[in-house]
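A, B, ... follow the sequence lines: proteins, then strands. Residue 1 opens every chain. Everything quoted here is computed from the prediction, not taken from an experiment.
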Protein chains: 2
Amino acid sequence: MAGRGTKKIENPGKKQALADFKVGVDNVIFSVDNEQNRLLVLLVMRDDEPFSGQWCLPGTLVRKGESLEDAAYRILAEKIKVKNLYLEQLYSFGGPGRDPREAPDSFGVRYLSVSYFAIVRFGEAELIADGVSGIAWYPIQQIPQLAFDHNKILEYGYRRLRNKLEYSPVAFDVLPEVFTLNDLYQFYTTILGENFSDYSNFRSRLLKLGFLSDTGVKVSRGAGRPASLYRFDAEAFAPLKDKPLVFI
Amino acid sequence: MAGRGTKKIENPGKKQALADFKVGVDNVIFSVDNEQNRLLVLLVMRDDEPFSGQWCLPGTLVRKGESLEDAAYRILAEKIKVKNLYLEQLYSFGGPGRDPREAPDSFGVRYLSVSYFAIVRFGEAELIADGVSGIAWYPIQQIPQLAFDHNKILEYGYRRLRNKLEYSPVAFDVLPEVFTLNDLYQFYTTILGENFSDYSNFRSRLLKLGFLSDTGVKVSRGAGRPASLYRFDAEAFAPLKDKPLVFI
DNA sequence: GCAAAAGTGTTTGATGTACACCCATGC
DNA sequence: GCATGGGTGTACATCAAACACTTTTGC
């Protein structure tokens with residue numbers, strides 16, 4: 001347990017020396033490419049040491065007077081233009097030695113990472129290339145080796161995403177205003193994998209919940225019968241907010 | 001957004017000044033008094049400023065070389081003697097201004113709290129009174145006004161506890177080695193409230209899952225038919241580990 | 001015997017699963 | 001017409017809710 005007992009007592013009679021921290025915020029930003037049915041994660045290329053030239057999650061260090069969530073939004077705003085998104089805190093990773101900058105010659109400052117999980121609407125998400133560092137959407141199956149412990153953070157975020165999808169209406173924060181039931185189904189399928197549920201059962205379950213309203217507008221995509229466009233009805237959903245929903 | 005733009009640039013041409021943090025760990029420690037069927041939370045009395053003389057969650061500041069989780073275990077070990085427990089990270093609260101010590105005369109250091117959620121076996125949990133500060137189990141319905149934002153943290157932990165109970169076998173980390181099905185039922189009832197489920201249905205659901213093994217030993221408590229003592233069978237549970245269980 | 005607690009079973013309605021099938025469109 | 005995707009309906013198994021009933025103990 002962290003070398004207790006063997007450590008020099010720095011404040012004799014009082015507590016042991018406290019660690020000094022910088023706090024970073026790292027975002028796991030997901031998006032669903034509904035053309036190609038791929039789940040994407042936003043990565044940026046580091047251009048400072050350590051890990052210069054390696055991909056990592058977009059992150060930043062928290063500034064004076066800035067809340068954790070503000071910092072999370074700030075990174076997002078620096079990297080992509082987006083109107084609709086869902087964001088929540090994920091987990092805090094703070095063991096000693098997780099950042100090489102913690103070397104003794106940097107005054108023993110520790111780096112703690114508070115990670116956030118976000119999902120953004122793909123269609124309107126516009127990457128901001130600052131001309132210096134790389135930035136790209138990576139399909140979840142093709143994530144390279146990332147800097148720091150970011151693979152672990154990403155793994156954690158991916159698990160949260162899949163859980164979230166099952167009992168919460170995040171999908172509607174991130175789908176277009178209107179969508180066909182098949183769009184919705186594809187969305188779930190690309191995240192949860194094939195055969196998470198039969199389409200027709202998915203359909204009737206969702207419709208029975210009563211917060212999808214048929215706009216009456218039909219849309220045709222190539223061959224086949226045109227599909228109805230639906231809209232998420234926030235008011236009809238409100239009473240279900242705290243109930244244990246199942247979208248499966 | 002945290003006064004951006006109006007703030008003095010302290011490193012002209014580079015980023016704005018970073019915040020310096022001390023990181024605290026605060027534990028929401030639950031236990032279930034199976035005699036009186038009460039859900040308890042461990043509180044300690046602060047004897048330093050700020051908030052001296054007020055109750056708060058047991059917490060500590062993270063020391064050099066110590067991981068977050070180590071710090072969480074350290075507080076636990078300082079406050080109670082306990083062998084069986086469940087512990088997991090809860091959430092990080094880190095907005096500016098959540099700690100009065102952040103006053104400008106203390107060099108602008110921020111205090112971030114990483115909260116942990118724990119549940120311990122009541123029978124063997126022995127409070128350690130250090131003779132200085134108060135320490136006590138408080139029934140969840142009688143929580144007083146706490147220091148800092150600890151009421152919020154506790155509220156968050158309480159919600160997590162109730163959710164956790166529904167799909168995860170935490171109960172068995174915290175019940176005695178052997179227990180009657182009624183003990184188990186009481187445990188759920190004191191946390192989730194009366195009528196979360198009919199006893200006989202609860203019974204058959206749990207038994208059908210197949211990881212409770214009847215020891216054959218009977219125990220009689222006053223009048224009535226003696227009850228069988230059961231044991232949690234970790235091996236039989238293993239294959240169900242990642243399945244979405246429902247203990248309700 | 002009787003009260004009290006443990007444990008079993010049964011009935012009923014709701015829900016999930018796996019399909020089969022009909023409908024509207026492009027070509 | 002027919003392939004294609006959209007949409008509806010049905011049969012079956014499973015499961016939850018409510019409650020009646022039997023068993024085994026203390027007194």
Students should find this one: the first and last nucleotides of DNA chain D, 5' to 3', lying under 4.0 Å from a heavy atom of chain A. What are they? D:dT4 to D:dG9

Partners meeting salt bridge (Lys or Arg N to Asp or Glu O under 4.0 Å) with B:Arg221 (sequence neighbours left out): B:Asp183

Quick one: ring-ring contact (aromatic ring centres under 6.0 Å, His included) partners of B:Phe237, sequence neighbours excluded? B:Phe211, B:Phe232

Keeping to residues at least two apart or across chains, list the salt bridge (charged side-chain N to carboxylate O under 4.0 Å, His left out) pairs with something in residues 28-44 of chain A. none

Residues in salt bridge (Lys or Arg N to Asp or Glu O under 4.0 Å) contact with A:Arg205, at least two apart in sequence or another chain: none

Which residues satisfy the side chain to side chain donor-acceptor pair (under 3.5 Å) test with A:Asn37, sequence neighbours excluded? A:Gln186

Which pairs would a plain distance check flag for residues 168-179 of chain A, meaning a side-chain donor or acceptor within less than 3.5 Å of a matching protein atom at least two apart in sequence or in another chain?
none

Between A:Arg74 and A:Glu78 (salt bridge meaning N to carboxylate O under 4.0 Å), is one present in this structure? yes

Using a heavy-atom cut-off of under 4.0 Å over every strand shown, decide if A:Arg203 touches base, sugar-phosphate, or nothing. base

I'd like a table of donor-acceptor pairs (distance under 3.5 Å, sequence neighbours excluded) in which one partner is a side-chain atom from residues 83-95 of chain A, with atom names and distances.
from	atom 1	to	atom 2	distance (Å)
A:Asn84	ND2	A:Glu124	OE2	3.1
A:Tyr86	OH	A:Glu88	OE1	2.5
A:Glu88	OE1	A:Lys164	NZ	2.9
A:Glu88	OE2	A:Arg160	NE	2.7
A:Glu88	OE2	A:Arg160	NH2	3.4
A:Ser92	OG	B:Ser92	OG	2.5

Counting only side-chain N and O atoms of B:Ser228, is one of them less than 4.0 Å from OP1 or OP2 of C:dA6? no

Could you give the CG-to-C1' distance, from B:Leu229 to C:dA6, as a whole number of Å? 13 Å

For DNA chain C, which consecutive runs of 3 or more Watson-Crick or G-U pairs (each distance under 3.5 Å) count as stems? C:1-27 with D:1-27

Contacts of type salt bridge (Lys or Arg N to Asp or Glu O under 4.0 Å), residue A:Arg159, not counting sequence neighbours: none

For B:Ser113, all residues meeting side chain to side chain donor-acceptor pair (under 3.5 Å), sequence neighbours excluded: B:Asp26

With the sugar-phosphate defined as primed atoms, P, OP1 and OP2, and the base as all remaining atoms, what B/S/- string results for nucleotides 14-27 of chain C, 5' to 3', for protein heavy atoms under 4.0 Å? ---BBB---BBBS-

